[in-house]
2 protein chains.
Amino acid sequence: MPESHPAPERFPVTVDVVALTVRDGELNVLLITRLIEPFRGKLALPGGFVLAGEDLLEAAGRELAEETGVEHLPGHLEQLGSYGPKGRDPRGDVLTVAHLLLAPDFPVLAAGSDAEQAAWYPVAEVPELAFDHARILDDALERAKAKLEYSPLGAAFCGEEFTIAQLRAVYEAVWGTRLDPRNFHRKATGTPGFLEEAGRMTTGDAGRPAALFRLAPEARPTAGQPTRAVLNPPLMRPRD
Amino acid sequence: MPESHPAPERFPVTVDVVALTVRDGELNVLLITRLIEPFRGKLALPGGFVLAGEDLLEAAGRELAEETGVEHLPGHLEQLGSYGPKGRDPRGDVLTVAHLLLAPDFPVLAAGSDAEQAAWYPVAEVPELAFDHARILDDALERAKAKLEYSPLGAAFCGEEFTIAQLRAVYEAVWGTRLDPRNFHRKATGTPGFLEEAGRMTTGDAGRPAALFRLAPEARPTAGQPTRAVLNPPLMRPRD
DNA sequence: CGGCATTATTGTCAACATGACGATAAGTAC
DNA sequence: GTACTTATCGTCATGTTGACAATAATGCCG
């Protein structure tokens, strides 16, 4: 790796997080409003500088917790990719490592008046973003769509237990399609290593009560480890 | 993104490259022998520091070119992921952005006696590696296997034109499986947007001559752009 | 040249997966 | 109860996959 004698260049390194959730059938992304230049007043992805002695995922989790006021983040956090360092910040070269959070809907605390306010925005109506965050968001959406096809991570958008219909709503929101409830039910319950039955749902929902499911043990993250589990065969999104 | 007043930490940033190729039916990886501490004498992935004003892919390509003596790299280069910065280099925190090159076999120039010698090693017999490069190699192999399933990038291991059998040899080497030549032929030639016929192969090879193919236009990288093309339906590797 | 070994390519067939959609089940709202 | 709503099961035609037979087109060897 290193071999050259001149002192290596050093770069400021940030982590950004594309946090996605599904609220009333729509895919939402968490954004903050910038209070300082550059891009003051614009929306941006939550994130911040990596501190000495921190690892990337750690930093991403910390920044997200700080900016949402949420102690323990729900859902699944993974690295998306790195961008830069050239020409993405007008103040100079900054390398950013983008991350992706797939999470059930969680409330964002109101920030103090001097803090950047984080809030959920439907991805369909996201206005212009600061820096190269539009591109990062694009990549994140594509990654999320792909993840749903071949991994059990659609369930990361749901709570511990969920109905097939709730899971289907996730797929529909992320993919932006409608899926046949009957075929989806067959496929989701029929894929080995994906779901496991739990109890019963009664609630006051209209219609027949639905069975509750949870992730099968093989598909659950073990001790913080990401889950390499794979949906086989995959649950492919319709392409025309 | 940035908001804190204290000057942000700066990190040395390196790029490492996992360059893969197939030589006589075996998957090989390009490694260099380290000439300096730490890990002097050990094998490591080629790589080096990102320079000011460089982008990541650019730096990865430059380092690889420098360490192999090859001017124009063949194949497909993409970002794999970032590692660190905590505790992966005994000299201190270093962030590394790993890359993946899928390339046809190319000869590596002999380095001078004071330069680190790069050479191909069969992945099946790679000894201990420096730093966290074993983990990076693992991730790269998994990524390569997955890429072959749902992208046309298997062809990146072949030259411009190739036979179905050569392409199959790539799949077999990367996946470490044998595939039925007849079924593979049907699938490869039958997948829309994957292959396109070229001319004829005669050569002195034993057996019936094979037709030559090239990547279909939709699957070819356009102006350096990565090709988001997708194999649909995917060419799934056998899992038991 | 004729036969043999070798690889390529085309078919066939049963098992399985998918998309479209009908029919039933089991609740809530009135 | 009746109407409405959602869940779940079933059916059927079509497409895909894995196993494997058959044929095609060469080089090699005597």
Side-chain angles (χ1 to χ4, degrees), chain A residues 24-25 148-150 154 158 161-173 175 177-214 230-240, chain B residues 24-25 148-150 154 158 161-173 175 177-214 230-240:
Chain A
D24 4 75
L148 261 54
E149 294 194 315
Y150 57 84
C158 302
E161 296 190 347
F162 47 87
T163 67
I164 300 292
Q166 287 164 359
L167 185 61
R168 175 164 50 84
V170 167
Y171 276 78
E172 293 183 331
W175 286 347
T177 352
R178 315 238 88 228
L179 300 172
D180 183 293
R182 299 160 289 191
N183 290 338
F184 184 84
H185 188 281
R186 176 182 57 193
K187 179 71 178 162
T189 57
T191 301
F194 187 15
L195 301 180
E196 172 180 273
E197 221 157 340
R200 255 282 178 192
M201 170 178 228
T202 193
T203 71
D205 293 353
R208 170 175 169 178
L212 282 169
F213 290 82
R214 69 172 75 86
V230 153
L231 251 42
N232 187 32
L235 213 165
M236 300 282 283
R237 67 184 125 155
R239 344 213 174 205
D240 20 31
Chain B
D24 359 77
L148 261 54
E149 294 193 314
Y150 56 85
C158 304
E161 298 190 346
F162 47 87
T163 67
I164 300 292
Q166 287 164 359
L167 185 62
R168 176 165 49 84
V170 167
Y171 277 78
E172 293 183 329
W175 286 347
T177 351
R178 314 240 83 231
L179 299 172
D180 183 294
R182 299 159 290 187
N183 291 337
F184 184 85
H185 188 281
R186 175 182 58 192
K187 179 72 177 160
T189 58
T191 300
F194 187 16
L195 299 180
E196 174 179 271
E197 220 156 341
R200 255 285 178 190
M201 171 177 229
T202 194
T203 71
D205 292 356
R208 172 176 169 179
L212 282 170
F213 290 81
R214 70 171 76 85
V230 152
L231 251 41
N232 187 31
L235 212 166
M236 301 281 285
R237 70 185 123 155
R239 340 213 177 206
D240 26 29

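Computed from heavy atoms alone, side chains included, the values below leave out hydrogens, waters and symmetry copies.
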What is the distance, rounded to the nearest whole Å, between atom [atom1] of [X] and atom [atom2] of [N]?
X        : N      : atom1 : atom2 : result
B:Gln166 : C:dT7  : CD    : P     : 14 Å
A:Asn232 : C:dT18 : CG    : C1'   : 15 Å
B:Asp205 : C:dA5  : CG    : C1'   : 15 Å
B:His185 : C:dA8  : NE2   : C1'   : 7 Å
B:Glu197 : C:dT10 : CD    : C1'   : 14 Å
B:Leu167 : C:dT9  : CG    : P     : 12 Å
A:Asp180 : C:dG22 : CG    : C1'   : 11 Å
A:Glu172 : D:dT6  : CD    : P     : 13 Å

(request) Identify, between B:Asn183 and B:Arg168, the residue whose nearest nucleotide on DNA chain C lies closer to the 5' end. (result)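 Checking each residue's closest nucleotide, the 5'-ward one belongs to B:Arg168.
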
Hey, are the side chains of [X] and [Y] touching, using non-hydrogen atoms and a 4.5 Å cut-off?
X        : Y        : result
B:Cys158 : B:Thr163 : no
A:Thr177 : A:Tyr171 : no
B:Ile164 : B:Pro181 : no

(message) Ring-plane angle category for A:Tyr150 and B:Tyr150, please: parallel below 30°, perpendicular beyond 60°, tilted otherwise.
(response) parallel

(request) Sequence neighbours left out, what passes side chain to side chain donor-acceptor pair (under 3.5 Å) with A:Arg214? Give chain and number order. (result)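 Scan of A:Arg214 (side chain to side chain donor-acceptor pair (under 3.5 Å), adjacent residues dropped) gives A:Glu161, A:Glu196.
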
(message) On DNA chain D, compare the nucleotides closest to B:Ala206 and B:Pro234; which residue's is nearer the 5' end?
(response)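 Residue closer to the 5' terminus by nearest nucleotide: B:Pro234.
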
base_contact_polar ([N] base, [X] side chain, donor-acceptor, <3.5 Å):
X        : N      : answer
A:Arg182 : C:dG22 : yes
B:Arg208 : D:dA25 : no
A:Arg186 : D:dG10 : no

(request) Look at B:Lys187 and D:dT17 and indicate whether a side-chain polar atom (N or O) is within less than 4.0 Å of OP1 or OP2. (result)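 For D:dT17, OP1/OP2 do have a side-chain N/O of B:Lys187 under 4.0 Å.
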
